[in-house]
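Notes to accompany the following structure.
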Amino acid sequence: MASPKKKLQGLVAATITPMTENGEINFSVIGQYVDYLVKEQGVKNIFVNGTTGEGLSLSISERRRVAEEWVTQGRNKLDQVVIHVGALSLKESQELAQHAAEIGADGIAVIAPFFLKPWNKDVLINFLQEVAATAPALPFYYYHIPALTGVKIRAEELLDGIQDKIPTFQGLKFSDTDLLDFGQCVDQNHQRQFALLFGVDEQLLSGLVMGATGAVGSTYNYLGKKTNQMLEAFERKDFSLALNYQFCIQRFINFVVKLGFGVSQTKAIMTIVSGIPMGPPRLPLQRATREFTDHAEAKLKSLNFLSFAGLKDGHLEACG
Ligand SMILES: CC(=O)N[C@@H]([C@@H](O)[C@H](O)[C@H](O)CO)[C@@H](O)CC(=O)C(=O)O
């Protein structure tokens, strides 16, 4: 069984793929992006080429180059770099998995194929197993995101006995709001051997209460510091403060969700907060509107999310 340096835990930023104005990948800012995550947001784990990274909208050659750049720039700065290698084609997924191993990534993750779909747990596991086997020394994570893949096989069902089939299986990225399913994943993880990473940032506190060992998400790119404060309050069992942080984060997410929120808008917000140009998204996504950007910036300012001043203990108003 593959053994990672240490269990993946804490916050994992689902990285954006920066692009130039003419739609090419902007590799030149990835080094600066790594430094920003580590120094400004206190986030030292990343999840590359996932949903936020538009992984499925990139060519295989682009995905390889993006993975390489993150691994290279993250060396001696980041704790873990997990590469999402899911694809509709098993062969492409295997190629990416093998490549991730060759470049020294710390783990790979795979979503369920979502066009011709696996119709039950065994078929899904067969697919995952074939990918994992091409990178036998790399920790393997299943990326559960049923709203986007349309594959509704419950995570707790998948987890049951999975290490017998996939010896490198190390955990789950759970991007769903079904806390019954998530709780049952935690419940069967008796020996705490798996990383159970929650993927719905606005509900992370509920995920922590249910037993999440960490979290992967888009907002940790720019709200990592704030979310880390929530994690620290939770660790100290200061649940009232942790809830204040969660509400504060929710106020922002709720605000942008009402305006229309997705990967394009994440790129725009990250550009505002970090000052690093993330560029436009790739078609079929459309660039965030000027109206969105102006409103989001005003909200970030009103919540004190641009200055990173932090909440004063117990004062909910501090971010309002
Ligand atoms: C559907 C979606 O994009 N979910 C995000 C969340 O971080 C999400 O942006 C956040 O909870 C706000 O709704 C992540 O789970 C996705 C993710 O980690 C990824 O980019 O692979």
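Counting starts at 1 for both ligands and their atoms, in listed order.
- Residues satisfying the side chain to side chain contact (heavy atoms under 4.5 Å, CB included) test with E202, not counting sequence neighbours, are V200, Q250, I253.
- Residue pairs meeting the ring-ring contact (aromatic ring centres under 6.0 Å, His included) criterion with at least one partner in residues 281-303, sequence neighbours excluded, do not occur; the list is empty.
- A donor-acceptor contact shorter than 3.5 Å is absent between the side chain of K165 and the backbone of D122.
- Pocket lining of ligand 1, defined as residues with a non-hydrogen atom under 4.0 Å away: A14, F47, G50, T51, T52, Y143, I145, K173, S175, G199, V200, D201, E202, V216, G217, S218, F261.
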Side-chain donor-acceptor distances from residues 272-283 under 3.5 Å, at least two apart:
from, atom 1, to, atom 2, distance (Å)
S274, OG, M270, O, 2.6
S274, OG, I276, N, 3.0
R282, NH1, S57, O, 3.3
R282, NH1, E62, OE1, 2.7
R282, NH1, E62, OE2, 3.3
R282, NH2, G23, O, 3.0
R282, NH2, E62, OE2, 2.9

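- Judged by a 6.0 Å distance limit and a 45° cone about the ring axis, K173 is positioned over the six-membered ring of F47.
- Without hydrogens or angle criteria, Q246 side chain to L205 main chain gives a donor-acceptor distance under 3.5 Å.
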